[in-house]
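Can you keep this structure in mind? I'll have questions shortly.
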Protein chains: 2
Amino acid sequence: MKFEAITIKDIAKALHLSVSTVSKALRGSHEISEETKKHVLAYANEHNYKPNPIAQSLKRGLSKSIGVIVCNIDNNFFSAVINGIESVARQKDYNVIITQSQESYEREIANSEHLSSRSVDGLIISLSAETKRVDHLIKLHDKGLPMVFFDRITDEIATHKVIADNFKGAYEGTRHLVQQGFRRIAHITSSSSLSITLERLEGYKKALADAGLTFEEKYIKLCPHGGMIKEETQQALTELLQMKDRPDAIFTASDRLSTTTLSLLRKMQIEVPQQIALVGFTNSISADIFHPSLTAVVQPALEMGQLATDLLIQLIEAKRPVTEFQKRVLDTELQIRDSSLRAK
Amino acid sequence: MKFEAITIKDIAKALHLSVSTVSKALRGSHEISEETKKHVLAYANEHNYKPNPIAQSLKRGLSKSIGVIVCNIDNNFFSAVINGIESVARQKDYNVIITQSQESYEREIANSEHLSSRSVDGLIISLSAETKRVDHLIKLHDKGLPMVFFDRITDEIATHKVIADNFKGAYEGTRHLVQQGFRRIAHITSSSSLSITLERLEGYKKALADAGLTFEEKYIKLCPHGGMIKEETQQALTELLQMKDRPDAIFTASDRLSTTTLSLLRKMQIEVPQQIALVGFTNSISADIFHPSLTAVVQPALEMGQLATDLLIQLIEAKRPVTEFQKRVLDTELQIRDSSLRAK
DNA sequence: CTGAAAGCGCTAACAC
DNA sequence: GTGTTAGCGCTTTCAG
């Protein structure tokens with residue numbers, strides 16, 4: 001089975017014109033008489049002619065589509081980013097092809113190779129938690145494939161980048177816990193190779209330092225798969241809770257980590273915030289109905305997606321090679337709820 | 001800027017062969033000598049040759065990509081379905097292009113037209129809440145575009161369909177409330193034009209009937225935009241709560257409606273389940289950490305996506321027109337949590 | 001103002 | 001076993 005559509009040739013035949021005349025007429029060229037144009041347009045509309053985008057792509061060497069690689073769609077942060085990507089792409093008449101790395105380095109490589117080789121005009125990427133080397137992307141970038149990074153970025157490729165103000169977000173989240181009177185604040189975060197991990201860690205450290213609290217290495221727990229593997233989070237949490245100077249608060253660094261931590265605490269019947277407080281990065285639309293409602297550092301996910309797409313399309317459509325690259329840092333928002341409030 | 005890649009022609013030139021020889025060698029044709037094949041393969045590998053998928057598509061008249069139209073990605077049910085679609089598509093070497101209707105009829109039409117006209121080989125669709133007529137899809141289907149419906153389906157197009165057992169899911173959810181001792185059970189649901197609305201309503205009614213409870217029209221509240229517009233849900237809820245024989249339980253029919261209802265009840269400081277119990281269709285991965293944890297009718301979203309994709313690819317790759325269509329009905333699961341438990 | 005023809009990268013008859 | 005050629009649908013010189 002295949003889908004049959006009307007082509008320029010069909011129109012030409014029906015109207016006793018040449019294909020080139022029809023082609024020009026359809027695109028409103030000045031060299032075609034008004035009358036001919038009218039005929040052609042009328043016939044095209046009537047028969048619902050749509051140019052074959054594949055043929056156009058082959059001709060132009062551009063596919064009018066952009067590829068997206070995120071770790072996982074099933075995550076409020078990334079789905080909101082994709083929402084943003086989609087809206088801008090649609091408006092500029094680009095298709096969006098979404099792929100997931102599932103935090104796997106292998107799959108990230110496979111996806112990037114699949115998406116490249118002419119089938120997309122550019123790439124929007126957030127690195128997987130497992131990714132430590134970006135040679136696969138450097139190779140594509142060197143060959144001229146435009147790309148924009150967001151959220152989990154790399155310094156090794158010179159191109160546009162869009163991130164939230166991770167330092168500030170983490171700083172504010174941690175400072176809030178300090179202000180509430182918590183003193184032993186743990187930090188559960190992702191793979192140490194991710195840019196966001198470092199930035200958020202720095203914000204956390206600074207907030208402690210500014211409050212005169214000493215930073216304790218033992219309170220930092222890494223989850224190399226960013227919460228995709230529940231056991232990692234379980235393990236991190238268990239270790240924290242077994243310490244003799246057990247933390248009185250936790251600051252989690254990502255969407256999945258935040259919800260998983262809350263879920264695990266609940267299973268262990270540990271009361272939040274009475275026994276341990278919690279603040280986390282999350283874009284969950286349900287943070288207000290969690291038990292307890294979750295104090296959240298929220299990223300402007302939609303805007304990040306929109307901006308990344310704008311920047312990518314600029315790169316794709318640039319007449320001359322772009323040499324000045326932007327690193328856009330958008331503000332986060334701290335939404336204070338019950339999970340971080342000091343019991344009176 | 002555009003992405004330059006090596007072509008068959010380049011290989012042919014370098015090896016002093018013809019393009020057809022190279023083409024055949026690359027696909028391991030028997031008519032090519034082992035030696036030539038070896039040379040060609042070696043050169044291709046070395047220079048990282050990848051066939052241009054656009055040219056292949058144009059040639060074959062197939063794009064090896066499938067289009068998806070869902071109302072919204074930012075929703076645990078749909079993102080999980082997409083996860084399923086993606087996994088099967090990837091495995092069978094198809095690209096997935098995801099679009100969102102945002103529950104808008106207009107956008108559904110625009111998306112379906114955009115995706116068709118040869119740029120995708122088939123469509124996987126869940127209808128928007130606003131959609132009452134499916135002429136736009138009938139037109140495409142009649143032209144030979146394979147499509148598979150899931151979740152929100154239509155009877156007007158003869159093709160494969162994949163749904164959850166909405167009747168049974170709603171029946172079990174409602175019966176559970178009855179068993180817990182609730183008697184005035186309201187039902188907040190989506191647009192009356194959606195198949196899922198009807199099926200779930202029937203399950204709800206049957207459960208009441210089997211329990212000897214009389215069905216009350218006034219306890220049914222429709223949200224024509226399926227929860228996308230918060231005010232609709234707000235309105236529905238307010239009306240229910242102001243009744244003099246106010247419901248003692250609510251059964252919500254979709255992901256968004258369930259979380260929005262819970263959120264609104266919390267804002268109004270109405271205790272769940274003490275003042276009103278709640279059971280809802282939802283695939284939220286966080287239902288266990290809601291306040292209270294939410295009793296959920298869960299759909300096998302991943303499997304639905306996988307199955308729909310399998311069926312679609314069968315249609316696309318069928319040698320002869322398919323005339324026997326399947327309607328696959330997958331089981332739902334009732335996860336009982338606190339929101340529906342009768343206070344002792 | 002209109003048409004013929006080349007070519008985007010690839011495949012597949014059909015020659016040789 | 002290898003090469004020539006036509007053609008997928010479209011755009012774009014270049015002639016007429």
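We name chains A, B, ... by the order of the sequence lines, and we start the count at 1 in each one.
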(request) Report the residue (A:V19 or A:K9) whose heavy-atom-nearest nucleotide on DNA chain D is the more 5′ of the two. (result)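 Here A:K9 is the residue nearer the 5' end.
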(message) Quick check: B:F149 with B:H160 (ring centres under 6.0 Å apart)?
(response)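 Distance test on ring centres: not under 6.0 Å, no.
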(request) Please state how far atom CD1 in B:I8 lies from atom C1' in D:dG3, giving the value in whole angstrom units. (result)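 Result: 14 Å.
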(request) Would you mind reading off the distance between B:L62 atom CG and C:dC10 atom C1', rounded to a whole angstrom? (result)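 Interatomic distance, CG of B:L62 to C1' of C:dC10: 14 Å.
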(request) Give the nucleotide from the list C:dG9, D:dG7, D:dC10 with an atom nearest to the side chain of B:K59. (result)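 Minimum distance to the B:K59 side chain belongs to D:dG7.
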(request) Taking atom NZ of B:K132 as the centre, report whether more than 12 heavy atoms of other residues, nucleotides or ligands fall under 6.0 Å from it. (result)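 More than 12 heavy atoms, drawn from other residues, nucleotides or ligands, come within 6.0 Å of this atom.
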(message) For the OG atom of A:S126 and the CG atom of A:N72, what is their distance to the nearest 0.5 Å?
(response)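 Answer rounded to 0.5 Å: 11.5 Å.
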(message) Under a plain distance cut-off of 3.5 Å, with no hydrogens placed, do A:S18 and A:T21 share a side-chain donor-acceptor pair?
(response)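 Side-chain D/A pair, A:T21 to A:S18: present.
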(message) Regarding D:dG9, can its base be found pairing with the side chain of A:T7 as donor and acceptor, where the two atoms are less than 3.5 Å apart?
(response)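 Per atom types, no contact qualifies.
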(message) In whole Å, I'd like the distance from the CD1 atom of B:I54 to the P atom of D:dC8.
(response)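 About 19 Å, once rounded to whole Å.
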(message) Can you list everything that forms a side-chain contact (heavy atoms from CB on, under 4.5 Å) with B:L302? Sequence neighbours excluded, please.
(response)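 B:N83, B:Q306.
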(request) Please check the phosphate of D:dG9 (OP1 and OP2 only) for any side-chain N or O of A:Y49 closer than 4.0 Å. (result)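 Answer no for this pair, as no side-chain N or O of A:Y49 is under 4.0 Å from OP1 or OP2.
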(request) Find the distance B:K64:NZ to C:dG9:P and express it as a whole number of Å. (result)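 The distance from NZ of B:K64 to P of C:dG9 comes to 22 Å, rounded to the nearest Å.
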(request) Mind listing the residues from residues 21-42 of chain A sitting with a heavy atom below 4.0 Å of DNA chain D? Number order is fine. (result)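 Those residues are A:S23, A:K24, A:R27.
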(request) Kindly say whether A:K9 contributes a backbone atom to a donor-acceptor pair with the side chain of A:T7 at under 3.5 angstrom? (result)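 Flag set: sc A:T7 to bb A:K9 pair under 3.5 Å.
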(request) Kindly say whether, by distance alone, the side chain of A:S18 makes a donor-acceptor pair under 3.5 Å with the base of C:dA4? (result)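 Absent.
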(request) Measure from the side chain of B:N52, starting at C-beta and using heavy atoms only, and say which of C:dC8, C:dC10, C:dA4 lies closest. (result)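 Between C:dC8, C:dC10, C:dA4, the one nearest the side chain of B:N52 would be C:dC10.
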(message) If I take atom CG in residue B:D10 and atom P in nucleotide C:dC10, what distance separates them, rounded to the nearest angstrom?
(response)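 It works out to 9 Å between those atoms.
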(message) For C:dT11 and B:Q56 - does any side-chain N or O of the residue sit under 4.0 Å from the phosphate oxygens OP1/OP2?
(response)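 For C:dT11, OP1 or OP2 has a side-chain N or O of B:Q56 closer than 4.0 Å.
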(message) Would you say the rings of A:H39 and A:Y43 are close, in the sense that their centroids are separated by under 6.0 Å?
(response)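 Centroid separation for A:Y43 and A:H39: 6.0 Å or greater.
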(request) Among D:dC10, D:dG3, C:dC8, find the nucleotide with the atom closest to the side chain of B:L17. (result)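 Among D:dC10, D:dG3, C:dC8, the one nearest the side chain of B:L17 is D:dG3.
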(request) Round to the nearest Å and state the distance from B:I6 atom CD1 to C:dG9 atom P. (result)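 For the pair B:I6 CD1 and C:dG9 P, the rounded distance is 12 Å.
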(message) Measuring from the side chain of A:A55 (C-beta onward, heavy atoms only), which nucleotide among C:dC8, C:dT11, D:dC10 has the closest atom?
(response)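 When the side chain of A:A55 is considered, D:dC10 is the closest of C:dC8, C:dT11, D:dC10.
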